[in-house]
Amino acid sequence: MTQRVIQWTTGNVGRRSLRAILRNPDLELVGVFAHSGEKVGLDAATLCGHDVLTGVFATSDVDALLAVGADVCSYNPMWPDVDEMCRILAAGINICSTAGFITGRALGAHAVARIEAAAQLGGSTMFGTGINPGFANLFALVSTQVCDRIDQIRVIESVDSTDYDSGDTELSVGYTLPIDTPGLQAKTEQATLVFADAVAMMGDALGVVLDEITFDAEYAAASQAEDLGYITIPQGGVAAIDGRWRGRLAGRDLIVLNFQWMKGHHVDPPFKVRHGYHVEISGEPNVHSQLMIFPGRGWDEQGFMGLGMIMTAMPSVNAIPAVVAAAPGIATYATLGLVTAGGYVSG
């Protein structure tokens, strides 16, 4: 069954979602929302580099988009907008999102109640994912299937993000600030609250009620100033972050989501990067899994920024059939059916 899709925004992630929607024979693009005036009126193909014009033009008219009879909205703004999401859901349109949403916990109880009420009103489903948080947490949960005892699950994202050109995101977590800035850890915590969502979701999937979810971080500074093009890190400014969200049970860390992000070429003290996603399960047996992602054949883009956007976008796009089929409300990987890339099998 073909699903009718609205693409909401066409930024770094949205462009990849839009291109993927146009390539999937099981998805029909019926609308595109654009924030910026210069994109309004442009064909969807022009906005994402697709080679065939679609006849679907970007608009900022929300009422018109909600009236086109879409089944689902591919929702890719940088940050979630609760008013916006509730409006879409109440109109009976499901949402698959990459905008900082896993359970909604990070948005607060009032926002979760509003989203749930809008979904029930519209008979629609809200689902959020990405690569991390999102797919990396599912990868960890799948890795537990061979265990008969779990003492701890640790998910580690360890990357050199020097080429990750997303200045607003980087500044929000504390990059460039003097390393002794008061409240630095609180800033990083606030900007990465969605990882607490993922900890909670993993607890739900494991059938446990966590006692608490905590955060701590360590930082490394730039030994000399460096202009990365999208941000400039001054000497003594934050150039690497080692943050840990911990889901605690019975006095121990049961779930640890650890992000190790380095930026630039002059980090002091030297910051060890493991390059990729690692799952370490302590239990019976111990399980160590590594998720390694490389460009496929024909990759012609400079650097790997685009690859990161694809693997952020696709868990959401590929979830569309399962989300459309799900019961109304907020869905997570703990409740959703199997998600695969079934619409993209090459001939």
Side-chain angles (χ1 to χ4, degrees), residues 1-36 39-62 64-78 80-81 84-85 88-89 91-99 101 124-131 134-135 296 298-299 301 305-326 331 336-347:
M1 179 178 176
T2 301
Q3 308 295 341
R4 291 167 57 83
V5 187
I6 293 170
Q7 176 57 43
W8 204 277
T9 73
T10 55
N12 286 332
V13 178
R15 285 194 299 272
R16 302 294 174 157
S17 295
L18 180 55
R19 191 164 67 178
I21 290 164
L22 293 175
R23 289 176 171 177
N24 190 328
D26 298 327
L27 303 178
E28 178 188 357
L29 182 73
V30 295
V32 177
F33 176 77
H35 280 296
S36 57
K39 293 182 179 180
V40 170
L42 295 180
D43 190 283
T46 302
L47 291 170
C48 69
H50 189 64
D51 54 5
V52 179
L53 294 177
T54 67
V56 179
F57 303 99
T59 180
S60 58
D61 186 337
V62 175
L65 280 173
L66 299 186
V68 298
D71 299 301
V72 65
C73 176
S74 172
Y75 186 78
N76 303 131
M78 185 173 293
D81 183 316
E84 208 169 60
M85 293 190 297
I88 296 167
L89 292 166
I93 301 171
N94 302 284
I95 294 177
C96 289
S97 172
T98 60
F101 189 99
S124 51
T125 303
M126 175 73 211
F127 175 71
T129 184
I131 180 62
F135 178 76
W299 182 260
E301 298 182 29
M305 175 73 175
L307 190 66
M309 297 304 98
I310 292 170
M311 65 194 200
T312 298
M314 292 315 299
S316 177
V317 174
N318 282 321
I320 285 174
V323 171
V324 171
L336 201 65
L338 179 65
V339 173
T340 71
Y344 298 96
V345 178
S346 58

Enquirer: Can you sort out the partners of N24 under side chain to side chain contact (heavy atoms under 4.5 Å, CB included), two or more places apart, ordered by chain and number?
Expert: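 In terms of side chain to side chain contact (heavy atoms under 4.5 Å, CB included), with neighbours along the sequence ignored, N24 is linked to D26, L27, Y344.
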
Enquirer: Holding to ring pair (Phe, Tyr, Trp, His ring centres under 6.0 Å), I want the full list of residues that pass it with F127, two or more places apart in sequence or in another chain.
Expert: Y333

Enquirer: In Å and rounded to the nearest 0.5 Å, what is the CG to CD1 distance from N94 to I6?
Expert: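 Going from CG on N94 over to CD1 on I6, the span is 11.0 Å.
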
Enquirer: Run the side chain to side chain contact (heavy atoms under 4.5 Å, CB included) test against M305 and tell me which residues pass, sequence neighbours left out.
Expert: N12, Y164, D165, M309

Enquirer: Test of understanding: with salt bridge (charged side-chain N to carboxylate O under 4.0 Å, His left out), list the residues that count as partners of R4, not counting sequence neighbours.
Expert: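 Per chain and number, R4 pairs via salt bridge (charged side-chain N to carboxylate O under 4.0 Å, His left out) with E28.
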
Enquirer: Just how far is it from atom CH2 of W8 to atom NE2 of H35, taken to the nearest 0.5 Å?
Expert: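 It comes to 8.0 Å.
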
Enquirer: Measuring from K39:NZ to T10:OG1, what's the distance to the nearest 0.5 Å?
Expert: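 It comes to 3.0 Å.
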
Enquirer: Listed by chain and number, what are the side chain to side chain donor-acceptor pair (under 3.5 Å) partners of T98, not counting sequence neighbours?
Expert: N76

Enquirer: Throw together a table of side-chain donor-acceptor distances under 3.5 angstrom for residues 315-322, partners on residues two or more places apart or in other chains.
Expert:
unit_1: S316; atom_1: OG; unit_2: C96; atom_2: O; d: 3.2
unit_1: S316; atom_1: OG; unit_2: S97; atom_2: N; d: 3.4
unit_1: N318; atom_1: ND2; unit_2: M314; atom_2: O; d: 3.3

Enquirer: Which atoms form the tightest heavy-atom contact between A99 and P77, and what is the distance?
Expert: CB-O, 3.3 Å

Enquirer: Give, for atom CD1 of I88 and atom CD1 of I93, the distance between the pair rounded to the nearest 0.5 Å.
Expert: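 With rounding to 0.5 Å, CD1 (I88) is 7.0 Å from CD1 (I93).
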
Enquirer: From F101 CZ over to M126 CE, what is the distance, rounded to the nearest 0.5 angstrom?
Expert: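 Spacing of CZ (F101) from CE (M126) equals 4.5 Å.
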
Enquirer: Residues in side chain to side chain contact (heavy atoms under 4.5 Å, CB included) with L29, at least two apart?
Expert: Q7, L18, I21, L22, V32, A44, V56

Enquirer: Could you list the residues that satisfy side chain to side chain contact (heavy atoms under 4.5 Å, CB included) with D43, not counting sequence neighbours?
Expert: A45, T46, L53, T54, F57

Enquirer: Listed by chain and number, what are the side chain to side chain donor-acceptor pair (under 3.5 Å) partners of Q3, not counting sequence neighbours?
Expert: none

